[in-house]
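This one's a predicted model, so the numbers in the text were calculated from it and none came from an experiment.
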Amino acid sequence: MKKLVLILCAATLVWACKNEEALSKVDPNSKDITLKDYSGTETNAQSNGSVSNITTTPPVKDGKYPTISFSKKEHDFGTIKEGEKVETTFTFTNNGEADLLIANAAGSCGCTVPEFPKEPIKPGKSGKMKVSFDSNGKPGMQQKTVTITANTATGTETLTIKANVTPKAQSAPEVAPVTQ
């Protein structure tokens with residue numbers, strides 16, 4: 001029975017790899033094209049899939065950018081026990097002249113998870129970014145960063161969290177009683 005399943009899987013794989021239906025739908029006379037991005041600069045899309053001059057967030061109008069200013073850019077959790085999950089909230093304000101759009105916020109490792117607003121932040125308005133840290137398997141002094149990608153003049157901002165993680169207590173090995 002196992003051989004039959006294996007043969008069927010192999011046959012399906014071979015058939016799927018030989019299926020050229022998708023290739024038949026591509027125009028062999030197609031050429032590289034030039035696109036206009038938001039700012040009006042040319043962006044070249046190559047036939048190999050590469051693209052140059054990509055803008056990740058829409059450009060500002062009339063040279064007016066949003067500015068993101070945080071009440072704090074670093075948070076120290078102090079001493080915590082390994083395995084604890086802690087979180088802090090970073091409050092920020094858009095002090096610029098255009099809507100602030102946060103495209104992404106990424107932790108420096110999987111133990112650091114940011115939650116950021118997806119809607120535009122109007123000039124003069126504030127928002128919050130919650131950052132969680134899972135200390136499981138992270139004993140010792142820890143310093144992690146969150147990189148924010150936004151439509152500001154610089155394009156990125158960095159937040160930092162720190163914690164001194166006390167290792168889990170090691171259970172003492174059992175010692176057999178000595179008999180004489």
Side-chain angles (χ1 to χ4, degrees), residues 1-2 5-6 8-10 12-13 16-17 38 49-60 65-180:
M1 185 64 162
K2 287 181 183 180
V5 172
L6 185 60
L8 286 174
C9 288
T12 302
L13 182 62
C17 290
Y38 292 111
S50 66
V51 180
S52 57
N53 299 328
I54 293 178
T55 303
T56 56
T57 55
V60 295
Y65 285 94
T67 18
I68 187 168
S69 57
F70 286 88
S71 58
K72 63 179 181 178
K73 292 187 84 173
E74 184 175 298
H75 181 79
D76 190 342
F77 290 109
T79 301
I80 62 174
K81 294 178 184 173
E82 183 179 356
E84 277 188 74
K85 293 180 183 175
V86 292
E87 63 184 45
T88 188
T89 300
F90 291 92
T91 303
F92 61 90
T93 303
N94 176 2
N95 290 323
E97 300 179 75
D99 288 356
L100 172 66
L101 301 171
I102 299 175
N104 192 30
S108 56
C109 87
C111 63
T112 306
V113 181
E115 292 178 25
F116 61 95
K118 309 295 189 269
E119 66 281 346
I121 307 296
K122 298 281 185 195
K125 299 296 180 184
S126 296
K128 295 182 179 193
M129 183 173 300
K130 184 171 85 170
V131 178
S132 303
F133 172 66
D134 183 354
S135 65
N136 193 34
K138 304 282 184 194
M141 191 63 195
Q142 299 294 316
Q143 180 171 318
K144 306 296 178 187
T145 59
V146 173
T147 302
I148 301 161
T149 305
N151 63 332
T152 58
T154 60
T156 60
E157 297 288 332
T158 304
L159 303 174
T160 304
I161 59 170
K162 297 177 181 181
N164 184 14
V165 182
T166 305
K168 289 180 181 176
Q170 299 289 328
S171 57
E174 291 188 30
V175 178
V178 178
T179 57
Q180 294 182 352

task = Check the pair L159 / I148 against side chain to side chain contact (heavy atoms under 4.5 Å, CB included), numbers first and verdict last.
result = CA-CA 8 Å; L159 303 174; I148 301 161; 3.7 Å; yes
key: Side chain N94, main chain I121, donor-acceptor under 3.5 Å   = yes
From M129 atom CE to I68 atom CD1, the distance as rounded to the nearest 0.5 Å = 6.0 Å
message = I need the minimum non-hydrogen distance between A105 and P114, along with the two atoms involved.
response = O-CG, 3.3 Å
request  = Measure the shortest side-chain to side-chain distance between N151 and L100 over non-hydrogen atoms and say whether it is less than 4.5 angstrom.
outcome  = yes
key: ring-ring contact (aromatic ring centres under 6.0 Å, His included) partners of residues 66-108, not counting sequence neighbours, each pair once   = F70-F92, H75-F77
Straight-line distance of K162 NZ to T145 OG1, nearest 0.5 Å = 12.0 Å
query = Can you tell if the side chain of K144 reaches within under 4.5 Å of the side chain of C111, non-hydrogen atoms only?
reply = yes
note = In this structure, NZ of K118 is separated from CD1 of I102 (nearest 0.5 Å) by 9.0 Å
task = Can you spot which of P123, S126, S69 makes a side chain to side chain contact (heavy atoms under 4.5 Å, CB included) with N95?
result = S69
message = With rounding to the nearest 0.5 angstrom, report the OG1 to NZ distance, T166 to K168.
response = 12.5 Å
query = Is the count of non-hydrogen atoms from other residues, nucleotides or ligands lying under 6.0 Å from K72 atom NZ greater than 12?
reply = yes
message = Which heavy atom of A98 sits nearest to which heavy atom of P66, and what is that distance?
response = O-CB, 3.3 Å
key: For the student: nearest non-hydrogen atoms of T158 and K73, plus distance   = O-CE, 3.4 Å
ask   = Does G83 offer a backbone N or O that forms a donor-acceptor pair with the side chain of S135 under 3.5 Å?
value = yes
key: T160 side chain to Q143 backbone, donor-acceptor under 3.5 Å   = no
note = One should read off an interatomic distance between T91 OG1 and K128 NZ, to the nearest 0.5 angstrom, of 5.0 Å
query = Roughly how far, to the nearest 0.5 Å, is the CG atom of D134 from the CD atom of E82?
reply = 10.0 Å
message = Within the structure provided, determine whether F133 and T112 are in side-chain contact (heavy-atom separation under 4.5 Å).
response = yes
